[in-house]
Amino acid sequence: MKTNFIPVDYDYFDFKDKNYIQLIGRNEKGNRVCVVDTYQPNFWVILKKGFEKDAKKVAEKIDKIEVNKLSRTTKVLKTKIVEKKFLEKDVTAIQVFVTNHKDTHDVASAIGDMKEIEARREYDIPIITKYIKENKVEPLNWYEVEGELIDIDEFGGIAGALDVEHCIKAQTIKPTKGKEFIPRVLAYDIETDGRDFGKGSLLAVSLYGENFKKVLTWKKCTGDPDYVEFFKTEEEVIEKFVEYIHQYDTDILTGYFSDGFDLPYLKAATLKNKTDFPLGLDRKGPTFTRGRIPSGKITGIVHIDLYRFISAVFAQYLQSETLSLREVAKELVGEEKEEFDWTKLENMKNQDWKALFSYNLQDSKVTYKLAQKIWPDILEFTKIIKEPMFDVTRSRMASHVDNYILHNLDNFNEIAEKRPMNNEIGKRRDMGKYEGAFVFTPTPGLYENIVFFDFTSMYASVMITYNLSKATFIEGDKFEKKEGFFPKMIQDIIEKRKKHKKELAKNPSGMLKARSNAYKLLANAAYGYQGFFGARYYCREAAAATARLAKENILSTIEKIKKEGYKIIYSDTDSIAFLQEKKTDKQVLTFLEKINKELPGIMELDLEDFYKRGIFVFNRGGTSGAKKKYALLDRKDKMKIRGFETVRRDWCDLARRLQSEILTKILKEGNGESSLKLLKKTIIDLKGRKIDLEDLMIKTQLKKPIKEYQSKGPHVIAAEKMLAAGEKIDSGMMIYYFIGESSTKGKRVGDKVFLPGEKAEYNINYYLDKQILPAVENIFEVFDLNVKEILDGESQKKLF
DNA sequence: GACTCGTTAGTACC
DNA sequence: ACGGGTACTAACGAGTC
């Protein structure tokens, strides 16, 4: 039979010791189909230079290898001699086909270090990645599959076990075209009376999809909204939850932090209740892959934890200060979470249950909307990286780059480099840092008419221009002239990004935006990748050379700008700021064109923007101008604040807001006079205890387990207090606290730490000396105003 | 007990 | 363990007197 097919979920199974790939997706009618494809597991043996003529002899030896293991015997099925490339060099290689992918490692070991052999490679690539790379059956693309229906008892009965329209054993799978894939997305969220798995009880589960909203509970209350359904027990709630997921015909089941909480909690609950949890299309429960963070996998349904995708890929481009659902949803979809007073849990009344159910549903709704918003990004990332959606939504950028390279190596006839072993990782990490970017020390002051230039994708364009990569590295700081595959891949990425950005300008669409963005993120990650110890194509020399050549180029560009008669006021990594003085915009742009003509390779300087005013300040010691700390006002009166406490989440809102207002006033008015009044008023309010405690709350992230701290900062003390109060404390948590007046002895700030809700008055001196004044002092200093002296002087006047 | 000062830690910039 | 280096700064805590 023949069918059109789009693969969504990838899995594999063994049958009679052979590997099969199980693809689950949809046909053109939108019905669910399973396609089983064969895969010939293999890896490569690369011969040393000068031993090419021995290829046949070596291959014959390899042909005879057998590895006996407890459960099975692995044989080499066949070998094939192929002319390939490895790290840009022409090599004669033997492709070794074995019975089972699980044994490639053992066979590679059994071959050992023969004198003719240079290296063994590609035995460390996961089977699904190898399958996609070699068979080119890529996720979320349409294929025409020809094959036979799988009998009910074939392959141990998968056709009967899977809840799909039909299972096909593929003979051929050919790319074709089809309509845009629109997944059936269902979002879920659970509410519980505790955070420990296997303890406490499930209060409610909500589901939200297209024309679908449900809250399932076994807690009674009367007069409820129609979306709430009641059951007798927790077991029945979970049973119905599973039923609805299947009934909805879900492609993507999504939650927020659901890998870390919702799914493992539900699984633990079913273990506790000794019931099944048949979520998958195979009616099996979710499995949790091991790793730093467990990942919940469901057969045939892609479980996506949006938090993980956002934190791995988008976090650095978001404004949100925490990655809480509340903040992220507000920024990305403008949808608000509801509030629920959890202290009521002890004694829930009818309306409290109603509020909880509503809150529970809203979380799923917000998650659903977030999933819809991010879907173009998930789709494009999946198509570009060519890994299954499940993995793409969980990988970090380094791993995306690794996979992008793997799936594009065939264009260069390259055999893949291996992943570093633990000892190799250790060696790489011990190498320490190399010299990085140049940062100009600014002279503190208020400046008028500032021009900012910046290099477009500077590090990526340096890597391309100078051909910097592992495969093109010779020695010291020398790199081959002949174009390497990695710089070429980056160039391709940048060109695609440009192309899609252009199309986007003409014809705005979510998909184009996501595609252009995905390429941008990949290009940005390419430099860090080469310096990352876990990378297959790690090359410290290439990373160091990238930073060095970027620095050389920016320094020489700075000299050119100076020579033209401009005064440089700042520069950081890839940007240069200078004073426009009497020059017109046109003169500046003509000069920019001239610089661009002289820049090497594909390097390009761009106009970032013109600014009306800008302020640079002293560092805290007053010894020099502070780097990475400035504020600008553009020609549309929009502020751009960098590095100041205003943008630091570990300062209280009062200090942040005051600083931001003062910076705005100064940049808009051009002097510091009226700002002083604002400062004075704030101090009077603070001393009069008129400030809302919420504005004095400080938040700091706990970056490691509480016990590992050598030096206990205030947030660690706060976390210890929370722990003592019975709260669960995890590394990564955001800790909120304020500094109060404390009668207890101890000089540490930590001795005056109070948690939100604790009864204490705020510490006036702390907030004055450690928050408000430090936030504004160096700003006033630019105008030769010593805030402390002024305030002291005034209090003296009042005294006498 | 007050002080100095190197270290630890968190956050931001690009 | 899951890009990189540069930079600022608060607070701790050991050592000094």
Side-chain angles (χ1 to χ4, degrees), chain A residues 291-293 308 311-313 316 321 391 394-403 419-420 422 425-426 428-429 432-441 454-455 457-460 463 521-538 540 542-544 546-548 550-551 554 570-575 608 617-621 623-630 640-651 698-704 708-717 734-735 739 745-753 766 769-771 774-775 778:
Chain A
R292 203 160 42 90
I293 309 156
R308 286 190 69 178
S311 85
V313 173
Q316 68 176 124
E321 286 174 3
D391 304 272
R394 285 169 177 79
S395 298
R396 308 292 302 239
M397 281 313 292
S399 175
H400 287 319
V401 178
D402 242 355
N403 287 323
R419 198 184 273 156
N422 268 343
I425 288 179
R428 292 176 180 184
R429 300 188 79 183
K433 288 186 175 181
Y434 54 83
E435 194 180 315
F438 167 72
V439 188
F440 185 96
T441 308
D454 65 2
F455 283 89
S457 307
M458 191 189 211
Y459 280 38
M463 286 188 280
L521 297 191
L522 265 181
N524 286 351
Y527 156 70
Y529 171 83
Q530 296 209 92
F532 167 54
F533 54 76
R536 282 179 191 269
Y537 291 93
Y538 169 83
R540 190 179 189 275
T546 308
R548 182 174 55 76
K551 192 170 181 172
I554 201 156
Y570 190 59
S571 167
D572 185 349
T573 313
D574 62 353
S575 69
E608 199 262 326
V617 299
F618 280 100
N619 62 10
R620 197 73 85 220
T623 50
S624 70
K627 298 171 176 182
K628 299 188 186 286
K629 219 172 183 185
Y630 58 89
K640 184 170 174 177
I641 300 178
R642 291 291 120 100
F644 274 110
E645 284 73 12
T646 299
V647 298
R648 293 186 59 96
R649 66 179 183 190
D650 57 349
W651 280 66
I698 297 169
K699 62 171 187 282
T700 313
Q701 196 183 15
L702 205 62
K703 304 281 274 191
K704 52 186 179 184
E708 285 174 26
Y709 281 89
Q710 294 180 48
S711 175
K712 285 183 189 173
H715 72 298
V716 184
I717 309 279
M734 198 61 76
I735 308 292
I739 304 303
K745 279 183 212 163
K747 289 179 305 182
R748 296 182 310 174
V749 173
D751 297 321
K752 303 182 185 75
V753 160
Y766 174 83
D769 295 336
K770 299 292 177 181
Q771 293 277 328
N778 45 12

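Convention: sequence-line order gives letters A, B, ...; per-chain numbering from 1.
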Open item on the list: Can you see if the side chain of A/His715 gets near the phosphate of B/dG10 - specifically, an N or O under 4.0 Å from OP1 or OP2?
Closed with: yes

Open item on the list: Classify A/Phe438 by what it touches in the nucleic acid, base, sugar-phosphate, or nothing, heavy-atom distance under 4.0 Å.
Closed with: nothing

Open item on the list: Restricting to side-chain contact (heavy atoms from CB on, under 4.5 Å), what partner residues turn up for A/Lys770, sequence neighbours left out?
Closed with: A/Tyr766

Task: Sugar-phosphate only, base, or nothing, as touched by A/Gln530 at under 4.0 Å among non-hydrogen atoms - done: nothing

Task: Leading and trailing nucleotides of DNA chain C with any atom under 4.0 Å from heavy atoms of chain A - done: C/dA1 to C/dG13

TODO: Report the distance from atom CG of A/Asp650 to atom C1' of B/dT8, rounded to the nearest whole Å.
DONE: 14 Å

Open item on the list: Rounded at 0.5 Å granularity, tell me how far CE in A/Met458 sits from CD1 in A/Ile554.
Closed with: 4.5 Å

Task: Atom-to-atom span, CD of A/Gln316 to C1' of B/dC13 - whole angstrom - done: 11 Å

Open item on the list: Regarding A/Lys627 and A/Asp572, does a basic nitrogen lie under 4.0 Å from an acidic carboxylate oxygen?
Closed with: no

Open item on the list: Closest approach to the side chain of A/Lys747, judged atom by atom: which nucleotide of B/dC13, B/dC3, B/dT11 is it?
Closed with: B/dC3

TODO: Scan A/Gly528 against the nucleic acid and name what it touches under 4.0 Å (heavy atoms): base, sugar-phosphate only, or nothing.
DONE: base

Task: Of the listed nucleotides B/dC13, B/dA9, B/dC14, the one nearest the side chain of A/Lys704 - done: B/dA9

- [ ] Could you tell me the separation between the CG atom of A/Asn619 and the P atom of B/dT11, rounded to a whole number of Å?
- [x] 22 Å

Open item on the list: Taking any heavy-atom pair under 4.0 Å as a contact, classify A/Tyr766: base, sugar-phosphate, or nothing.
Closed with: sugar-phosphate

Open item on the list: Under a 3.5 Å cutoff, is there a donor and acceptor pairing between the side chains of A/Tyr459 and A/Asp574?
Closed with: no

- [ ] Would you indicate whether the side-chain heavy atoms of A/Tyr709 and A/Lys703 approach each other to under 4.5 Å?
- [x] yes

Open item on the list: So A/Ala437, base contact, sugar-phosphate only, or nothing? Heavy-atom distance under 4.0 Å.
Closed with: sugar-phosphate

Open item on the list: So, taking the atom named OH in A/Tyr529 and the one named CE in A/Met397, what distance separates them when rounded to the nearest 0.5 Å?
Closed with: 12.0 Å

- [ ] Taking only the side-chain nitrogens and oxygens of A/Arg648, find out if one of them lies under 4.0 Å from OP1 or OP2 of B/dA12.
- [x] no

Open item on the list: Students often get this wrong, so: under 4.0 angstrom with heavy atoms, is A/Ala547 touching a base, only sugar-phosphate, or nothing?
Closed with: nothing

TODO: Hey, which sits more toward the 5' end of DNA chain C by its nearest nucleotide, A/Lys629 or A/Ala526?
DONE: A/Ala526

- [ ] Would you classify A/Tyr630 as touching base, sugar-phosphate or nothing, given that sugar-phosphate means primed atoms plus P, OP1 and OP2, and contacts are heavy atoms under 4.0 Å?
- [x] sugar-phosphate

TODO: Classify the nucleic acid contact of A/Lys433 as base, sugar-phosphate or nothing, counting any heavy atom under 4.0 Å across all strands shown.
DONE: base

TODO: Could you state the atom-to-atom distance from CE of A/Met397 to P of B/dC14 in whole Å?
DONE: 20 Å

Open item on the list: Please classify the nucleic acid contact of A/Gly534 as base, sugar-phosphate, or nothing, using heavy-atom distances under 4.0 Å.
Closed with: nothing

Open item on the list: Categorize A/Tyr459 for me: base, sugar-phosphate, or nothing, with a 4.0 angstrom heavy-atom threshold over every strand shown.
Closed with: nothing

Task: A/Lys628 side chain, from C-beta outward: closest of B/dC13, B/dT11, B/dC3 - done: B/dC13

- [ ] To the nearest Å, give me how far apart CZ (A/Arg748) and P (B/dA9) are.
- [x] 14 Å

TODO: May I ask you to verify if any side-chain N or O of A/Gln701 is less than 4.0 angstrom from the OP1 or OP2 atom of B/dG10?
DONE: no

Open item on the list: Do the side chains of A/Glu321 and A/Arg648 get close enough for a salt bridge, i.e. N-O under 4.0 angstrom?
Closed with: no

Task: A/Phe455 CZ to B/dC13 P, straight-line distance once rounded to whole Å - done: 22 Å

Task: side chain to side chain donor-acceptor pair (under 3.5 Å) partners for A/Lys640, two or more places apart - done: A/Glu608, A/Tyr611

